[in-house]
2 protein chains.
Amino acid sequence: MSTSHEEPDQCIYIVDDDEALRDSLVWLLESSGYRVCAYDSSESFLAAYQPRMTGCLVLDVRMPGMSGLELFEELRLRHCSLPVIFITGHGDVPMAVSAVKRGAVDFIEKPFGDRDMLGLIEESLERERNSRQQRQVEAEIVRRLGDLTQREREVLDLIIAGKLNKQIADVLGISIKTVEVHRARVMEKMGANSLAELVQCVMTGEPGALRG
Amino acid sequence: MSTSHEEPDQCIYIVDDDEALRDSLVWLLESSGYRVCAYDSSESFLAAYQPRMTGCLVLDVRMPGMSGLELFEELRLRHCSLPVIFITGHGDVPMAVSAVKRGAVDFIEKPFGDRDMLGLIEESLERERNSRQQRQVEAEIVRRLGDLTQREREVLDLIIAGKLNKQIADVLGISIKTVEVHRARVMEKMGANSLAELVQCVMTGEPGALRG
DNA sequence: GGCACCGCTTGATCTGGATCAACGGGGGGG
DNA sequence: CCCCCCCGTTGATCCAGATCAAGCGGTGCC
């Protein structure tokens, strides 16, 4: 098997100060058909980091300068959601547990088997695909919500609250006809063909919008 | 501080074959105001297990007979979602990672500090409160969905799909009037005052019901 | 400065379709 | 007998879409 992972700019990013291990990993992954980029330190990875990167990260825990764990934290602060696989020399249970609880895909000890690593890479990429798609959908909805004018947004909220056009007009102190105009524009901008779709849309975009 | 944790039948379940540690834990937790039940083996806990138990579990990993990990698996098979804290003598990173990935709250090594344990207990109970409340709401909705007749359910699905009464009547081969009757009954049974509420309800009850 | 253009908001009329509410009825099965 | 499913009428209400129009604020061009 080789070069079959179709995905676009997907890449496996390796950060480890041990050149031998880096080379070994690069070889393993490239020969499995992945695109790979290796860095010898957290700092050099951060320097090259782009929010648009996709794929997954393999981080050495212990490195001179910024550790893998610190890099992980830093990336989370930057809202980077790339899946992370930690590799470490000496096992440390609390550290491993903490990392996984914070969202790391796994935390494995050296030496590890090729098969294990490949399995984790696949798990990571799968995770990335899902969250990525999820975020994309939500982002699109949020974008559309952002396209609404203030008034349209107010009308939308009242629609979601289950109010009738008449009631909306009442609350906003405008005529029913105007509400209908706004409503129509909202439906158009949100790309919804029915009230049901509209509600589903908005609920996907923001979890906290209930009752009326 | 003592006896302040108001919750109803909440209880900390401890499963460990080491009597000394059991006693120590029971003392710590009880003096912190928690209700505690201790068991000396996975088997004895399973024998006493009731699906209605609430609170959290503290499991020793290594025990004669069924291990803590096996008990964990068994409980998950039984759809028990009690949060689980593992305690173990010798740290084993892969095992710890695996447990946490499968949903364990934490995996700590003996000896551990009282403060750490109490922190984890609180984290567990918090987790339990959330998931519990979540499941309760969903269960209520599912129950109501179950009260619907076959026909009402079909109509509901088409309503969610954004179909008009006319279209629904067409699809089901019945008259619009009949659809209206079903629709009204659905709204009544689901306790929804508007289409928006209905959609929110159903979406909360089952995540996979889109497009039409 | 003035004026035209654009977008947001507001409003109206009319037409036609959709929905609601409240009545009426019939047929079938446990 | 009750419940479920089916269907109808009437009148009121609601919603959608097209068309027309006006005030207001900002942008830009002359």
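Both backbone and side-chain heavy atoms feed into the values below; hydrogens, waters and symmetry mates do not. Letters A, B, ... mirror the listed sequences (proteins, then strands); counts begin at 1.
Checked against side-chain contact (heavy atoms from CB on, under 4.5 Å), B/D157 has the following partners two or more places apart in sequence or in another chain: B/R153. With sequence neighbours excluded, the residues forming a side-chain contact (heavy atoms from CB on, under 4.5 Å) with B/E188 are B/R185, listed by chain and number. With sequence neighbours left out, A/S124 forms a side-chain contact (heavy atoms from CB on, under 4.5 Å) with A/C56, A/P83, A/I85, A/V105. Under the side-chain contact (heavy atoms from CB on, under 4.5 Å) criterion, B/R143 pairs with B/E140, B/D147, sequence neighbours left out. B/E19 is linked by a side chain to side chain donor-acceptor pair (under 3.5 Å) to nothing, counting only residues two or more places apart in sequence or in another chain. For B/R76, the side chain to side chain donor-acceptor pair (under 3.5 Å) criterion is met by no residue, not counting sequence neighbours.
Within residues 142-155 of chain B, no residue has any heavy atom closer than 4.0 Å to DNA chain C. Near DNA chain C, meaning a heavy atom under 4.0 Å from it, residues 187-195 of chain B has no residue at all.
In this structure, A/R183 and B/S175 both approach DNA chain D, and ranking their closest nucleotides by distance from the 5' end singles out B/S175.
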So which protein N/O to nucleotides 15-18 of chain C N/O distances come out below 3.5 Å?
none

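Rounded to 10 degrees, the angle separating the terminal axes of the helix from C/dG1-D/dC30 to C/dG30-D/dC1 is 30°, with each axis obtained from five end pairs.
In this structure, B/T178 reaches the bases: a heavy-atom distance under 4.0 Å links it to at least one base atom across the strands shown.
B/R22 has no carboxylate O lying under 4.0 Å from a charged side-chain N of B/D40, or vice versa, which leaves the two without a salt bridge. One finds a salt bridge joining A/R151 and A/E154 here, because a Lys/Arg side-chain nitrogen approaches an Asp/Glu carboxylate oxygen to under 4.0 Å. The existence of a salt bridge linking B/E180 and B/R183 is excluded, since no basic side-chain nitrogen approaches an acidic carboxylate oxygen closer than 4.0 Å.
Looking only at distances, no side-chain donor or acceptor of B/E197 sits under 3.5 Å from a matching main-chain atom of B/S194. B/D18 contributes a side-chain N or O that, together with a main-chain N or O of B/L21, makes up a donor-acceptor pair within less than 3.5 Å.
Distances shorter than 4.0 Å separate some side-chain N or O of A/H182 from OP1 or OP2 on C/dT10.
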Quiz item: Between B/T54 and B/R132, does a side chain to side chain donor-acceptor pair (under 3.5 Å) hold up when you go through it step by step?
Solution: CA-CA 9 Å; B/T54 69; B/R132 189 174 157 67; 5.2 Å; no
Quiz item: Checking side chain to side chain contact (heavy atoms under 4.5 Å, CB included) for the pair B/R102/B/V84: CA distance, chi angles, key distance, verdict?
Solution: CA-CA 10 Å; B/R102 287 162 190 268; B/V84 170; over 6 Å; no
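When DNA chain D is scanned 5' to 3' for any atom under 4.0 Å from a heavy atom of chain A, the first and last hits are D/dC14 to D/dG17.
The list of ring pair (Phe, Tyr, Trp, His ring centres under 6.0 Å) pairs with a residue in residues 140-179 of chain B, not counting sequence neighbours, is empty.
Taking atom CG of A/L172 as the reference point, atom P of C/dT10 lies 8 Å away to the nearest angstrom. Between the CD1 atom of A/I174 and the C1' atom of C/dC8 there is a distance of 12 Å, rounded to whole Å.
More than 12 heavy atoms of other residues, nucleotides or ligands sit less than 6.0 Å from atom CZ of A/R135.
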